[in-house]
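Have a look at the structure below before the remarks.
Small disclaimer: the values here were computed from a predicted structure and weren't measured. In the text below, chain A, chain B and the rest are named by the order of the sequence lines, each starting its count at 1.
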Amino acid sequence: MAKPKVGVFGMTGCAGEQIVILNCEDELMDILKVLDIRSFHTAMSENDEQCDLDIAFVEGAVVQPEEEVWLKKIRKRSRLLIALGTCAVWGGVAAMKNEVSPQRLKDEVYGPRGQIFKSIPAQPLHSFVKVDFSVSGCPIEKEQFLQAIASLVHGDIPVLPKYAVCTECKLNENTCLLVEKSELCLGPITVAGCNARCLSYGIPCCGCRGPVEEANIASEVEILKEKGFTLGDIRNQLRTYAAPAEVLQTYFTKR
Amino acid sequence: MQKSVMVDHLCRVEGHGGINVAIEDGKVVRVEMDIFEGTRFLEALVVGRSYNEIPPILSRICAICSAVHTITSLLAIEDAFDTKVSSQTKLLRDLLVQGGNIESHALHLFCLALPDFLGYSGAFTLVSDHPQEVKRGLGLKKLGNTIQEIIGGRAVHPVNAILGGLGKVPTRETLLRLKEELIKGLEEALTAIEFIASLEIPNFSQSPTVYAALGSSAQEYSLFGDKIIFSGGESKEIESYKEVCNERVVPHSHAKRSHFKGKPFMVGALARVMLNGHKLNSAAKKAKEKLGLDSPTENILHNNTAQAIEIIYSIERSIQIIDEIVEKGIKDEKPVKIKPKAGQGTAAAEAPRGTLYHSYTFDKEGRVTKADVITPTAQNLANIEKDFRASAGRLINEPEKSLQAKLEMVARAYDPCISCSVHLVRVR
Amino acid sequence: MSNHPSTSGADNIYQPSLARIVRILPQIEDHRLFQLRFEDSGIRQSFTYRPGQFVELSLIGTGEAPISISSSPTRPEVIELCVRKIGRVTEALFRLPLNSLVGLRGPYGNGFPVEEMEKNNLLIIAGGLGMAPLRSLLWYALDNRSKFKEIILMLGTKISEEMLFKYELLSLLDRTDMKCLLTVDKDEEGIWPAQVGVVTKLFDAVKVDPEITYAAVCGPPIMYKFVLRKLLERNLPKDRILMSLERRMKCGVGKCGHCSIGYKYTCIDGPIFTYWDAINLPEMI
Amino acid sequence: MQIVKLPKENLDKFMGGLSKFGEIHAPIKKDENTYLFSKIEDLSKIELNYNRTILPPKKYFLPPNETMFRFSPEKGYEPPQDNLNKKYVLLGVHSCDIHGLKILDLVFSGTYVDNYYFTRRKNTSIIGVSCIPDDMCFCRSMETDFVEDGFDLFLSDIDDSYLVRIATSLGDDMVRANQSLFKEVDKEDIAEYKRKSNERKNYFKIDLELYNLPEIMDLEYESKIWEEIGEKCLSCGTCSMVCPTCYCYDVFDQLNLDGKTGERRRQWDSCLFKDYALVAGGLNFRSERSARVKNRYFHKQRGFVAQYGRPSCVGCGRCIQSCPAKIDIVEVMTKIRSASYE
Ligand SMILES: Cc1cc2nc3c(=O)[nH]c(=O)nc-3n(C[C@H](O)[C@H](O)[C@H](O)COP(=O)(O)OP(=O)(O)OC[C@H]3O[C@@H](n4cnc5c(N)ncnc54)[C@H](O)[C@@H]3O)c2cc1C
Ligand code: SF4
Ligand code: SF4
Ligand code: SF4
């Protein structure tokens with residue numbers, strides 16, 4: 001079987017996903033054995049911008065009109081488009097700005113004399129194109145990425161956990177920060193896959209991986225309010241990584 | 001005759017940038033380093049947020065320098081609230097930043113810049129002919145990541161470095177195991193130096209350069225400091241960093257330009273080695289001699305060499321930190337409690353690419369009213385353009401393709417991190 | 001510790017044995033019949049099962065899925081699975097070329113109570129993929145023809161192109177020792193050799209003697225609703241109506257929990273349940 | 001049953017001597033109010049006065065995730081040859097958790113015997129310890145506050161000594177190996193043991209009335225209460241992970257980068273997860289959260305009774321302590337019961 005032709009692309013973000021890919025130091029040689037990387041701007045200069053691709057990995061959120069055009073082009077030439085990272089899957093930190101007026105942002109940053117740059121509300125990829133599979137995380141977890149590649153090479157769509165971080169937190173036998181220490185933990189509504197990374201360091205889950213499919217935001221907010229957090233604090237925390245996520249939008253517009 | 005060189009998409013740098021040089025009648029008339037990474041307005045977005053939400057959000061400015069962003073952010077907040085952390089915390093934070101430095105330099109040197117010197121399109125192609133060098137580079141990169149994983153809890157966007165200390169202090173055993181890896185890594189790095197020393201470094205980009213870095217009265221080379229020093233001998237307080245980085249918005253780019261006393265300046269490994277290199281000792285000192293950075297240079301391509309020296313420094317420093325902590329006896333301390341108050345806090349640290357500033361103003365509940373982050377790449381942009389001008393001037397008769405490649409080499413030598421530089425600073 | 005069941009020498013219940021795909025017979029769209037042969041001759045000879053039982057099919061690297069055995073134990077050596085392409089495992093199966101190796105373990109489930117059903121009339125009612133387990137029963141009964149009284153097969157599809165095992169079943173039309181009722185809702189070209197119209201109509205053609213009849217039903221949920229009504233109208237006792245149920249499964253042997261319905265496991269207490277069982281189980285249909 | 005006495009001052013010596021029967025695992029303190037079973041290197045870390053561990057001992061027999069097979073296209077599936085046969089001593093197990101294991105035994109035996117589980121079970125000796133209930137324990141209601149078998153030794157606190165019940169010949173070996181540490185039991189000890197047992201009854205704060213509960217579960221199948229809980233439940237799975245009697249697991253093939261070889265693994269699953277009952281094609285038998293919450297209780301208090309003759313809850317209180325939404329099994333069952341008498 002021919003190696004799948006692959007492109008790695010970055011919209012706007014911190015490039016975390018590309019760095020995670022490059023962080024697969026031990027596996028990089030094996031990755032090159034199974035993938036035919038045609039485009040990866042952060043890592044190589046000779047990029048094929050035209051060829052058909054089997055898989056396009058796209059990180060980052062769409063924040064400029066040019067990126068929308070570019071993304072659609074990538075979609076057209078790729079059999080599978082895979083969103084990498086919370087920005088690509090949910091909008092990520094960039095999407096926090098959707099909550100603030102664009103004029104205010106530009107004024108504050110570039111001043112009245114500054115050039116006004118074109119900018120559109122930051123959106124995840126699925127707002128513009130069909131996404132075949134998502135690997136969330138800010139940044140993605142190396143293990144999940146490698147798992148995804150292995151499945152794709154085998155010809156299957158990968159399966160990643162859909163349950164919440166709490167499950168992994170319990171599998172690691174951590175003390176529950178929400179229950180035992182009344183901390184603002186988003187573990188119950190955040191999708192697992194990080195092996196409860198923060199919790200294992202005694203740090204509450206800040207929701208960097210985005211919400212689970214059926215996130216019970218109302219119940220989570222009730223629990224946190226009972227612990228003394230204000231709706232503002234809770235809302236800030238929830239929207240830091242996944243502002244445009246439908247569940248959050250629906251919950252907060254109802255208020 | 002008019003000629004214009006465009007590199008639409010600068011590859012092997014992180015983020016999206018381009019180069020645009022216009023040549024008319026044998027003269028360089030316009031030079032632009034263009035940045036078209038989308039803007040995320042992160043600094044404006046943290047306004048109104050509570051202090052403890054800030055470091056993780058601003059870490060997302062850049063994945064590759066996320067450790068030093070996090071630490072600088074913590075330092076600025078602790079500065080505002082007069083929080084004093086333990087000496088163990090300080091050492092562990094230093095260790096984390098060294099890990100980031102090793103990782104970032106190794107990535108840049110072996111995967112992004114080395115292919116340039118050897119004429120490859122990237123590490124993926126380089127690896128088939130020079131597997132040893134690439135593997136060694138990856139090994140060093142991994143070493144940096146191992147430090148970041150152990151101390152920071154994650155290689156990118158550390159989670160364990162928090163206000164007042166660490167979520168979980170690593171155990172003595174973990175640190176000793178890490179030390180063993182560092183010792184092995186040092187061997188590898190020294191071997192790698194031999195190879196770097198054998199590379200010929202062209203000097204077409206040579207031009208008068210002002211260097212800037214953090215300095216201090218301490219005896220030892222450090223990625224921290226208490227003032228900003230310049231190659232002209234001047235120095236400035238960190239709090240007055242704005243006078244140094246008086247940024248201008250330029251029309252062709254999303255990022256801004258910094259000047260000091262009307263001149264562009266360079267920050268980064270080369271600036272540090274030029275300004276503080278005399279404080280290096282043991283293997284790093286020898287490497288500096290071996291790689292010929294003993295005497296001043298104004299050739300930016302030497303930044304790669306300076307990074308090699310710093311890899312050695314950072315490994316040695318990491319070992320030293322572990323020894324010091326282990327000797328004192330590692331304490332499983334909980335983070336210091338934070339007492340927010342109104343006020344301002346500023347901090348700086350040396351990121352792999354140069355001096356990084358974070359400065360915040362808080363209201364009395366500890367909510368941000370103003371945030372300012374100045375990244376090294378932003379400071380370097382004006383200097384990059386200066387070097388383009390000098391290089392293009394010398395290379396004016398080169399065929400376009402080669403001119404283009406060489407300009408790219410200049411840009412890449414700065415190790416520009418474009419997602420970093422597209423940040424937002426209030427312009428008065 | 002004492003009192004634990006012996007594990008020494010006992011087989012690993014989760015261990016799949018390798019089997020080779022020896023034939024692939026395309027059926028209707030997205031459905032194929034796979035003939036499999038165990039690699040190990042010992043297993044090949046000893047492997048036997050009841051109609052209505054299923055196996056866990058493993059595709060190396062993709063996972064496992066429960067699939068009914070479509071062939072009859074009266075025809076040993078080769079096992080036939082009729083599979084619909086619908087998810088990861090099944091898609092991966094469709095990608096495999098002839099002669100590939102897959103893993104099989106089983107047989108699992110209760111299967112049809114064939115001994116009890118002997119000496120009775122057999123009414124086999126299928127819809128869609130429901131024919132897969134029922135085909136096993138049908139051939140078992142036909143191969144043991146003397147043990148059963150009347151055998152009636154009722155099968156309906158929208159159009160003839162959607163009929164599984166079409167040619168095989170059409171060949172039964174000529175048999176005099178059974179009644180084969182195959183209906184299609186529509187026959188625009190007018191070439192369908194059997195009945196035309198909805199399955200309801202088929203009931204007009206059969207007489208159900210509630211005392212000596214067993215009905216075996218398998219098909220999509222909506223079919224159950226209507227067929228059950230018909231059977232009850234004809235006073236067939238609820239525990240003489242047998243149906244094959246489907247639930248998500250991971251182990252097939254009553255451990256993983258997924259297929260539990262109320263207080264039964266579909267995999268070990270089923271997949272064949274009487275209608276009486278079904279109405280007593282919450283969320284059954 | 002044989003009974004001897006172990007003076008408390010001899011406890012450490014006794015525990016130290018156990019290592020020849022296997023690697024010692026016992027409860028240690030994790031945080032202010034949390035404990036876990038952990039490998040013991042330093043005997044002084046052992047906490048025999050604990051309320052409950054975060055995860056129950058099931059983690060030793062049905063690990064949170066484990067490799068069932070390694071596979072390759074050529075060789076098919078081969079079970080791993082690793083440490084299934086390692087010997088363990090599990091020290092300090094509460095009565096309810098021993099009952100929990102006995103319930104798992106029912107599930108993993110039967111027509112199909114799970115070798116992974118039972119090999120570990122055989123290689124692990126269990127030393128129980130008595131406990132004082134806290135305000136989330138209701139083992140008394142579940143009839144698991146005492147245990148007659150399922151352990152090798154059981155230590156009951158009688159002030160300055162432990163009364164030690166010896167249930168197996170291995171347990172007897174453990175005592176014999178350290179004979180000098182033990183004493184004969186006298187009448188006073190027995191009296192003290194009985195007094196303590198009686199006193200313990202009074203410590204229970206909550207009670208789950210079992211009387212005709214399965215019937216009530218049937219009657220209240222359509223109760224509104226399930227929807228109320230469904231609104232609160234986060235489907236976080238915590239309750240299932242921490243439960244000593246929840247045994248559901250998921251199985252998946254994990255590939256190596258070559259896309260060919262890899263491992264078949266199993267991992268704890270929960271019926272509270274949305275895709276637990278989802279089948280190919282999109283049909284979900286329990287797509288509503290309320291249906292899933294109901295299923296968990298129904299299976300424990302109704303289904304399991306029908307299948308195995310007892311509820312699959314041992315009253316350990318773990319799910320009560322750890323549910324972020326404060327969903328409390330005793331409260332729910334009490335509500336269901338009172339609803340049915342309205
Ligand atoms: C007793 C029984 C007999 C069956 N007989 C047949 C048959 O003869 N032919 C046929 O084509 N299909 C049959 N099915 C359905 C078949 O099991 C599913 O279509 C198959 O599991 C889908 O797997 P997948 O990996 O392709 O789908 P995915 O949607 O990717 O499912 C992933 C996994 O979930 C589980 N799963 C999903 N759907 C089902 C389901 N309906 N039943 C049980 N587990 C499921 C499996 O473990 C599966 O591998 C039967 C199901 C049962 C329970
Ligand atoms: S600490 Fe957070 S993630 Fe862990 S169990 Fe508690 S709520 Fe869930
Ligand atoms: S622990 Fe509570 S919230 Fe989480 S799944 Fe269980 S019942 Fe629901
Ligand atoms: S249901 Fe709750 S109380 Fe009962 S055994 Fe499970 S965790 Fe313990």
Between [X] (side chain only) and [Y] (backbone N and O only), is there a donor and an acceptor less than 3.5 Å apart?
{"X": "A:Asp233", "Y": "A:Phe229", "result": "no"}
{"X": "A:Arg77", "Y": "A:Lys73", "result": "no"}
{"X": "A:Glu67", "Y": "A:Val63", "result": "yes"}
{"X": "A:Gln123", "Y": "A:Gly91", "result": "no"}

Leading residue by heavy atom contact count with chain A [cutoff under 4.5 Å; candidates B:Gly153, B:Gly144, B:Ser66]: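 If we count pairs closer than 4.5 Å to chain A, B:Gly153 comes out on top.
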Contact leader toward chain A among B:Glu103, B:Arg49, B:Lys168, where contacts are heavy-atom pairs under 4.5 Å: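 Of the options given, most contacts go to B:Arg49.
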Using non-hydrogen atoms only, which part of [X] is less than 4.5 Å away from chain A: side chain, backbone, both, or neither?
{"X": "B:Val134", "value": "side chain"}
{"X": "B:Asn160", "value": "both"}
{"X": "B:Val156", "value": "both"}
{"X": "B:Pro56", "value": "both"}

A:Arg209 vs A:Gln144, side chain to side chain donor-acceptor pair (under 3.5 Å): CA-CA, chis, key distance, verdict: CA-CA 12 Å; A:Arg209 305 179 51 76; A:Gln144 284 207 323; 2.9 Å; yes
Check ion pair B:Lys242-B:Asp372 (N to O, under 4.0 angstrom):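 Salt bridge present between B:Lys242 and B:Asp372.
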Carboxylate-amine/guanidinium proximity below 4.0 Å for A:Glu68 and A:Lys72: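 Salt bridge: yes.
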A:Leu22 versus chain B, the contacting section by heavy-atom distance below 4.5 Å: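 Interface part for A:Leu22: both.
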Among the listed options A:Lys142, A:Met29, A:Gln237, A:Arg197, the residue most often paired with chain B at heavy-atom distances under 4.5 Å: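 Among the listed options, the one with the most contacts to chain B is A:Arg197.
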Residue, of A:Cys138, A:Ala61, A:Gly202, that accumulates the most heavy atom pairs under 4.5 Å with chain B: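 Between A:Cys138, A:Ala61, A:Gly202, the count favours A:Cys138.
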